[in-house]
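Because only heavy atoms are used, hydrogens play no part in the values below, and waters and symmetry mates are left out as well, while side chains stay in. Residue numbers start from 1 in every chain, and the chains themselves are labelled A, B, ... in the order their sequence lines are given, proteins ahead of strands.
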There are 2 protein chains.
Amino acid sequence: MSSEFPPFAVTVDLVVLTLRDGHLHTLVVDRGVEPFIGVPALPGGFVHPEEGLTEAARRELAEETGLRLPEAHLEQLASYGDPGRDPRMRVVTVAYLALAPDLPLPVAGTDASDSRWLPTDTLLEGAPPLAFDHARILRDGVERARAKLEYSPLATAFCPPEFTIAELRRVYEAVWGTPVDPRNFHRKVTGVDGFLTPTGDTTTRDGGRPAQVFRRGPATLLHPPLTRPAAPRTPPSAAD
Amino acid sequence: MSSEFPPFAVTVDLVVLTLRDGHLHTLVVDRGVEPFIGVPALPGGFVHPEEGLTEAARRELAEETGLRLPEAHLEQLASYGDPGRDPRMRVVTVAYLALAPDLPLPVAGTDASDSRWLPTDTLLEGAPPLAFDHARILRDGVERARAKLEYSPLATAFCPPEFTIAELRRVYEAVWGTPVDPRNFHRKVTGVDGFLTPTGDTTTRDGGRPAQVFRRGPATLLHPPLTRPAAPRTPPSAAD
DNA sequence: TCAAAAGTGTTGTACGTACACCCATGC
DNA sequence: GCATGGGTGTACGTACAACACTTTTGA
């Protein structure tokens, strides 16, 4: 190989999901420049020459939301690099998935002033349309989140550090879009080794009998997994 | 955004797995240029300016192995872009996973003349060491393959178009690295709707009582999944 | 007739769903 | 007391691992 190589632009784009009043929401920003000026898009930007990809994603997340890790979960999703996906130049984007607890957003007076939370399900239906191929990236991100709730303790990333089982259950219901039996759910999650560690406290913030308060436990894999009611599982789009 | 952007090189690298005499093997090429000259590496190369990422992976696969799709399964794995992973310049590589039936390889007189199959398990143990961060990419690829055998009909990608249940079972045993009960396996795979379609033929090529011959069925998701015996599942390396 | 591999039956256990029921609080 | 949500007990179904057993071939 010579030192000649075709130059590409490399960006990161973020699918940032959170729960607001019981429904899944996605962070979008209105684009300030052409192309797609004024159109909502996933937050993201160019990778700097001296930073890693995850580092770039973390930086963009902080710039757009004021959010710092490890409050949020961040993982690589897939890369998208069709020629022509950006009319200006050849761009390969590395997409990341971030899950965050409900946040005071956006912080006015920052880069994030144009950012807002939109309901994920209407975005998935195409209202409003997203710039570039971001609808597809969002679809892949949501499907990844749905699948990972089954076998990982990821749902806790949507919760504050201390939470009740009912709050955790509402995460599952919102992400999966299906009701979950509170009684069986309780037994299951308390039975999975290392998923939840009790703080010893109780709270009545949900009304009714006081509920135990938990913190996330050390488990990284749920065994046995929590299975969602047989639903049409979207196959991933085999990102290119 | 201006039209100024930091230029990156973008490559594809391939984790190509096959089965040879009952063991998983990985395709490697000996590097012909610095850095890492003479060191085995995963096949791959620069993405051309006018081709998509998957297209580039398919082209490299054909160039290195003479293999054409859809004989083989090909899917995106993850992207790796640490600054410094290539000493020459800033390179982001998009890794792909390919699974192929046993092949007559390499074809002498082509670009692939330096390519050969090495046993995957010794490569995972670091013998011989691979160039760049390819050991990590290989680890992620193998773990992806192991996981996907559970819930997808991917194991058939290692088989010729027509195969017996015993042959399919040997794929599972080789990839998972654990023995599988032939009787329960038989019942399970024949019970999963759409996994296998019988051809009506039988063969005695495995010895003993004649076995039915099957082709891959239309299912894309296995339900219920085939679960591997509880083994230490390598968590993915959260590619950067 | 024997070895080898295909394929079936049976049983104990683990885990899932559904839902009746009791417990502890605020009002 | 009564409504509200937290948490437990029980019954029944499905699926799985383990392994005894029968079938069909080649040598």
Side-chain angles (χ1 to χ4, degrees), chain A residues 21-22 149-151 159 162-174 176 178-215 219 221-231 233, chain B residues 22 149-151 159 162-174 176 178-215 219 221-231:
Chain A
D21 45 71
L149 287 209
E150 294 194 65
Y151 58 89
C159 296
E162 306 204 335
F163 52 87
T164 66
I165 292 186
E167 286 160 356
L168 186 64
R169 176 170 46 83
R170 281 189 278 275
V171 171
Y172 277 87
E173 291 179 328
W176 284 348
T178 62
V180 173
D181 185 292
R183 295 146 319 178
N184 292 330
F185 183 81
H186 184 278
R187 212 184 337 235
K188 270 203 257 192
V189 295
T190 54
V192 176
D193 206 70
F195 189 9
L196 302 177
T197 47
T199 62
D201 294 342
T202 60
T203 179
T204 57
R205 61 176 173 248
D206 296 318
R209 172 174 165 180
Q212 289 186 81
V213 177
F214 293 87
R215 242 189 296 273
L221 226 47
L222 266 33
H223 191 75
L226 307 173
T227 49
R228 50 179 150 159
R233 308 188 180 199
Chain B
L149 288 208
E150 294 195 64
Y151 57 88
C159 297
E162 306 204 335
F163 52 87
T164 67
I165 291 185
E167 286 159 355
L168 186 64
R169 177 170 47 82
R170 281 190 278 274
V171 171
Y172 278 87
E173 292 180 325
W176 285 348
T178 62
V180 173
D181 185 292
R183 297 147 315 181
N184 292 331
F185 182 81
H186 183 278
R187 211 186 337 236
K188 270 204 258 191
V189 294
T190 54
V192 176
D193 206 70
F195 189 8
L196 303 176
T197 46
T199 63
D201 295 341
T202 61
T203 178
T204 57
R205 61 177 175 248
D206 296 319
R209 172 174 167 181
Q212 288 186 76
V213 176
F214 293 87
R215 241 189 295 275
L221 227 46
L222 266 31
H223 193 76
L226 308 174
T227 49
R228 51 181 150 157

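Heavy atoms only, all atoms of each residue included: Q212(B) and P198(B) are closest at OE1-CB, 4.2 Å. Between I165(B) and F185(B), the closest heavy-atom pair is O-CE2, 3.6 Å.
At whole-Å resolution of the value, CZ in R228(B) and P in dC16(D) are 16 Å apart. Going from atom CZ of F185(B) over to atom P of dC16(D) covers 13 Å, rounded to whole Å. Following rounding to the nearest Å, D201(B) (CG) and dA6(C) (P) show an atom-to-atom distance of 16 Å. For the pair R205(B) CZ and dA6(C) C1', the computed distance is 14 Å after rounding to whole Å. Atom-to-atom, CG of L226(A) to P of dC15(C) comes out at 13 Å; the value is rounded to the nearest Å. Between E150(B) atom CD and dA15(D) atom P there is a gap of 17 Å when expressed in whole angstrom units. Residue D181(B) contributes atom CG, which lies 13 Å from atom C1' of dA6(C) at whole-angstrom precision.
Using a 4.5 Å heavy-atom threshold, the side chains of K188(B) and T227(B) count as touching. Two residues are said to be in side-chain contact when any heavy atoms from C-beta on lie closer than 4.5 Å; L168(A) and L196(A) meet this criterion.
For residues 193-211 of chain A, the pairs satisfying side chain to side chain donor-acceptor pair (under 3.5 Å) are T164(A)-D206(A), E167(A)-R205(A), R170(A)-D206(A), with sequence neighbours left out.
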Nucleotides 3-8 of chain D: protein proximity per nucleotide (B base, S sugar-phosphate only, - neither; heavy atom, under 4.0 Å): -BBBBB
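Applying side-chain contact (heavy atoms from CB on, under 4.5 Å) to P182(B) and the options R187(B), E173(B), R169(B) leaves one that passes, R169(B).
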